[in-house]
Amino acid sequence: MRSDRGSWGRVISGGLIFGAAAVFVSLVGMVEALGVRVIVIGVIDFGRLLLLLIGLGAGYQAARRGGGGVVIALLRGLLAGAATGAGLAALLVLGSEVNLRGMFINASPALFEIISFGRGAAGVPLVVAAGAVVGVLGAAATLLPGTVRGPLGAGVTATIVIGLFQELLQIILQGEEGVRAAIRQLIFVPEGLPPRGALEVFVVVLVASALWRSRRPVVRGWISKRPPRTQRLLRLLGLLLAVAVVLVLPAAGGLFVSQVLVLVGLYTLMGLGLNLEVGFAGLLDLGFVAFFAIGAYTVGLLTSTGQYGVAHWSFWAAVPVALVVSLIAGFLFGLPILRIRGDYLAIATLGFGEIIRLLALSDALRPWFGGSQGILAVPKPNIGGFEFSGPMQIFYITLVSSAFIAFVAARLRDSRLGRAWMAMREDEDVAEAMGINLINVKLLAYGIGGAFAGMGGAIFAALLGSIFPHSFNLLISINVLALIIVGGMGSLPGVVVGSLFLVGLPELLREFSDFRFLVYGAALIIMMQVKPAGLWPAAAVRRELLKEEPVGAVTEGPVAERAEA
Amino acid sequence: MALLELENVHVYYGNIHALKGISIQVEEGEVVAMLGANGAGKTTTLRTISGLLRPREGRVHLRGESIDTMPPHVIVHKGVGHAPEGRRIFARLTVEENLMMGAYARADPHGIKEDLDRVFALFPRLKERISQVAGTLSGGEQQMLAIGRALMARPRILLLDEPSMGLAPVLVEQIFETLKTINTQGTTILLVEQNAYMALTIAARGYVLQTGEIALSGKAAELQANEEVRRAYLGG
Amino acid sequence: MQRSFLQRFSIVGLYLWGFRISVLLIVVWGSFGTFQAGCPSVFTLCAFKSRYSADVWLDLLVYGLSQGSVYALIALGYTMVYGILRMINFAHGDVFMAGAYTAYYLAAAFGRAGFLNRHPLLSLAAVLALAMITAMSIALVLERVAYRPLRRAPRLIPLISAIGASFFIEYAFRGFFGSGFQAYPEWQIFKGEWAIAGVGILRTQAVVIVAAVALMVVLYGFVMRTKTGTAMRAVSEDLEVASLMGIDVDRVIVITFGIGGAAAGAAGVLYALVFKQVHFFMGFFPGIKAFTAAVLGGIGNIPGAMLGGVFLGIFESMGPILILEGLRVPGIYPGGIPAPYQLKDVIAFTMLVMVLIFRPSGILGERLATKKA
Amino acid sequence: MGILASQQLTKRFGGLIALSELDLDVAERSIHSIIGPNGAGKTTYFNCVTGFYRAEEGRTFFNGQPIDTLTPDKITQLGIARTYQNIRLFANMTCLENILVGMHPHLKSSWMGAILRTPATRQDEAQAHEEAIRLLQFVGQRGKGDYLARNLPYGEQRRLEVARALASRPKLLLLDEPTAGMNPRESMDTMAFIRRLRDELGITILLIEHNMRVVMGISEIITVLDFGQKIAEGTPDQVRNDPRVIEAYLGTRRGVAGVGA
């Protein structure tokens, strides 16, 4: 056991790390920029909330480490919170002495106004005191029993989410009368979420969550006692309900929400394709966007009424061609790199992806692909006079094709080919010794995965009505890879969850797009350490996670060793 | 107090229970042999002693000090040298660099020089090849280098994992002669060997491992005469 | 492990041969066209009398060398980290950016104070030092926060973490310092040309080459001659046995990241000397190029990284004109490919892919490609 | 010529000769063992037979057909299956999936069939599942189909590996140290199991083994390798008493110390 002094020292240094984080988010501009979104009118905005959460985190962390009684824990929280506050106070002092703005563009008077509660350098003691108070609150959270902490957390989270997205929710709940309007008027005022509404939301969610916690086993028990047919019926009902909700989403959410949903859908399509390559077959691919581009360009060239259009086909005729072209592209792409393994494969595919983009962009191929000007005038798809004119309509194309492709992926996963892919992912040499023809199996992975992405590209072309090579940069490939890993490698629902989190959520917070990749990067780093199996791990992995010790605990041994490697 | 003492050591690879309560003692100045079939846990035992694996249960003591939570490089400092299975010399470093890496933890240039001379006296072949890249040495020379490298840390106890593996009989003889010399010069040796007869001729005592447990232990002569051992190795 | 299934499969083999031959054809056809442009008859080659004089080629060469030595410095960090941890430090390019960007503020302050031109070498040394220290610190934090906890994780996990770190560093800098380009101050004495052996060479490029070569010599000496350097090589060969030698592996890894970071930081300043501006995203493409260079030279191999960097730089600078400009295709490109410089990255990436396919071990590499793969 | 025959097989790694002009003949429906010290070339021989390595010289025939130019997947399809010294299961797949992968060569469903789930595919898959479950039972792992392979205890991993190898319906089974890490009782069970494979399924067995009790108890023919060369061959009794075997495998004390290396 460490000495008491050492342990207190660690509390302070832990608090200072949180203080550094607070200084970081301030200087990087998040506090001020996020301050624009008021969460609860007159109470708190998003920027201040961020600082508050950091303070709470400091207290929570400090109290959780190390034992001691209630008083000791609260004291640790107090100290850590004060240290966090001291970090911000240091920034305050520094900012009043030196002109930080020459270097840090966000070290503005407005920022110092926020941090110091409007008191400038005189606010230093106040900042430290506020930190201490928040730290104690954070520490107090550790002392609550789970049955209280859970519902409390749910209530707070719900309030924050509803406050954060109040504008969107108000649009969804628009109208003058009816249930939707009633709900809206109950919670919101036109300007946002008032304290009264926040309190209502908090209390309702708190109570609901507490009730659910106590009733869940009863409900589960009741369901499990029904005959299998009823159970199946219930499940079907749930599914239908979910489908119904998804179907009305664009109409309810409006243009902006539809646009976000279509993007999520496109990324889901690409995610399904890459998941097939990486998650199923273990072939790392950082040039995946190339297939997306090939699908888009094929549809563009075949349907465009503009300068570069070659056939003026309809969208529906062009899509199958796009699928076949990207399938063949997958074969051709896969052939030369059959022998390359591991990280080298990642880099080789990255190279391929970039080559395709640069070629599309170049003046050399401009006579065919339009160079940097791209291909314009790609017509919208239509069926019998109904035109899929915008995101609200195209959403349904995305939805149907995602569902179809997910279905295909699921069938493949459970087939002989799917098993061959997974065997190859686990151990290429042994897979070959099992009689699997690696060449066929690899090429099929590239081809089918490419075709899935090509489908996404085709819809993308129709959505934008024009194609620019700039849309197909490396960041897309990386985003897609990240989303399948965040969702859970090899897991189909994981792809949807991943694109909702990494594409949908940032899109909804579009006004903060300056910080999108910052948060995204931090999330990836944290995720890899906290939940490397993803948010929705593949079925087999999940089963084991429930049954056995966590994956991380298996360290060595004949088979386990390779599982790690 | 024994130089090295393992007390009821349990080691797991994931769910696999590899060592099921091993207790071993090695006294100062001894040569102790560990015998057993592939997969019996001999290498695992050595790896646990030198800190590459952590016991889930049980203790490892070196001169009374518990070393089972220390990282490998600290355990080297405490006086445990380990020549791993398969030699694993640094193939792209020269012979001299390999030997100097063995002495990495030390800061006494004179002592290092002394030990370098001692290794060269034991293995004159290494001196001839001092600036050669180690990957180009023959199998026997690589084994000499692996042992020499472990000696450069001036360990109190030397853990040797299958020093005779893949070597011609003549070379095996020579290596074992050298091990005897090393021991008489004052280094304690814990030896894992498949070549049971060879091992038992230089060892004072031995342990026989079977599926992670100690099946037999005793004086070398007793083991040599033991019917079980004979049968295990001769199928007789 | 010895892999041979491909050699025995004829269609794949045929495809690869086709690939090789077409690349070769393009190179031959293109350079022939370039050398032959402006010549009196189709059958005469008049290399230096053609559209480009010997001076132009020399300029391109020197430019390629300076660019290449920057790549080489960055590539060192990739190759050393890969050698030890078998991971691609995807954020290394951003470490490079961080060094250059931070040092910009010092250089700008020196410029405003007039110190820059009063003590040009001293100020350059100070700017370099600051860049190296910042980049090193960032590399160390990176290792501690993003990579060390994942030491035992499956291989994909640290790669994703590295990608996350790359985004984080880029956008943190963007948040701190803004998204615009910052003009790097210029040293008066580095303007213009120096005549070396009768040939005019841009001074900035000469400075870049000299500084980069000096740094590389120092680093190479460190790795080859010192005890710590030998320990680094030992750890990269066999991490586990190195720990059995009493080497504190964590410490060696930290040193490796530190050295790689410092080299990248210095490379950042040199890069900024040539391009005269810094930007939060400036590390991305040089980073990938440098990784290409490391692979080209044989990853894990330090002289290889240097060689690969220089090679890539020269190829990139001369390739477009040498190969593409002369690529005259009757009916399509009668005057050669338009705007060949747009395709310089295509040349670089094609080279990367070719190396990976046909010689995955790189120019100087050993059979590292299959080790642990 | 037996079911498997190698003639003058030589395999080098750089300067090291792993197999040197090896002649080996395995009779159909026999249980044949290869023994020898570590590094004698036993596993290298397995790798050559299964197509993972290519020998520089010499030929190997299976049922009279030359196989030394075939790829591993083709060789498996001809009817040779193997297990590995250090167990190489597909760690993150379930036991059932491991076995189903082993059946890969004689399943017919194509990827199009799988997407459409044609009746033929469905029937094929149903039969495969049935057979896989039977195989699991055969190796005594009924009900373990849904476990991830990496979570099985050591002994069961070994048996699952055998089941996976059997799934390809081999005529010749190569076992690399099937009893490594087993206690005497488990080793005896394994011996009985290997005999059953031969007697009930008619599979020829070629095995590498260090455990002399197993080798002597089960083998009909033993080949002894040392430095890639065959130094002896015969029945257990012949081999046991061969002085060269005793020297190579067990080590003796001859007065050669001091002779330069």
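Chain naming here is simple, since letters A, B, ... match the order of the sequence lines and numbering starts at 1 in each. As the structure is a prediction and not an experimental result, all values here were calculated from the model.
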Are there more than 12 heavy atoms of other residues, nucleotides or ligands under 6.0 Å from atom CZ of Phe501(A)?
->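 Counting neighbours around CZ of Phe501(A), 12 or fewer heavy atoms of other residues, nucleotides or ligands fall under 6.0 Å, so no.
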
Return yes when atom CZ of Arg20(C) has more than 12 non-hydrogen atoms of other residues, nucleotides or ligands closer than 6.0 Å, and no otherwise.
->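 Enclosed.
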
Please determine, among Ala146(C), Ala348(C), Ala162(C), Pro158(C), the option with the most heavy-atom pairs under 4.5 Å with chain A.
->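 Maximum pair count with chain A is reached by Ala146(C).
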
Out of Ala91(C), Ala108(C), Ser179(C), Ala172(C), which one racks up the most heavy-atom pairs below 4.5 Å with chain A?
->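 Option with the greatest count: Ala172(C).
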
Answer yes or no: is there a donor N or O on one side and an acceptor on the other, between the side chain of Asn106(A) and the main chain of Gly175(C), under 3.5 Å?
->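 Judged by distance alone, yes, a pair lies under 3.5 Å.
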
Has the side chain of Glu170(C) got a donor or acceptor atom that lies under 3.5 Å from a matching backbone atom of Leu518(A)?
->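 Flag not set: sc Glu170(C) to bb Leu518(A) has no pair under 3.5 Å.
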
Can you tell me which portion of [X] sits under 4.5 Å from chain A's heavy atoms? Options are side chain, backbone, both or neither.
X	result
Phe285(C)	side chain
Ile169(C)	neither
Ile347(C)	neither
Val295(C)	side chain
Phe176(C)	both
Ile357(C)	both
Phe173(C)	neither
Thr350(C)	both

With ring centroids as reference points, do Phe177(C) and Phe104(A) lie under 6.0 angstrom apart?
->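 Judged by ring-centre distance (under 6.0 Å), Phe177(C) and Phe104(A) do meet the cut-off.
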
Considering non-hydrogen atoms only, spot the tightest contact between Pro336(A) and Tyr15(C) and give its length.
->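 Answer, listing the atom of Pro336(A) first, then Tyr15(C): CD-CE2, 3.4 Å.
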
Need one label for [X]: side chain, backbone, both or neither, based on atoms under 4.5 Å from any heavy atom in chain C.
X	result
Leu284(A)	side chain
Ile526(A)	neither
Arg516(A)	neither
Ile347(A)	both
Ile525(A)	both
Val486(A)	neither

State the [atom1]-[atom2] distance between [X] and [Y], to the nearest 0.5 angstrom.
X	Y	atom1	atom2	value
Ile478(A)	Ile160(C)	CD1	CD1	9.0 Å
Leu286(A)	Ile163(C)	CG	CD1	5.5 Å
Leu356(C)	Ile337(A)	CG	CD1	9.5 Å
Met103(A)	Tyr104(C)	CE	OH	10.0 Å

How are the rings of Phe24(A) and Phe168(C) set relative to one another: parallel (under 30°), tilted (30 to 60°) or perpendicular (over 60°)?
->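 Parallel.
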
Is the closest side-chain heavy-atom distance between [X] and [Y] below 4.5 Å?
X	Y	result
Phe284(C)	Leu474(A)	yes
Ile355(A)	Asp345(C)	no
Gln529(A)	Ile157(C)	no
Leu16(C)	Leu335(A)	no
Phe349(C)	Ile356(A)	no
Val353(C)	Phe352(A)	yes

CA sep, side-chain torsions, deciding dist, call: Val346(C), Glu354(A), side-chain contact (heavy atoms from CB on, under 4.5 Å) | CA-CA 8 Å; Val346(C) 173; Glu354(A) 282 297 293; over 6 Å; no

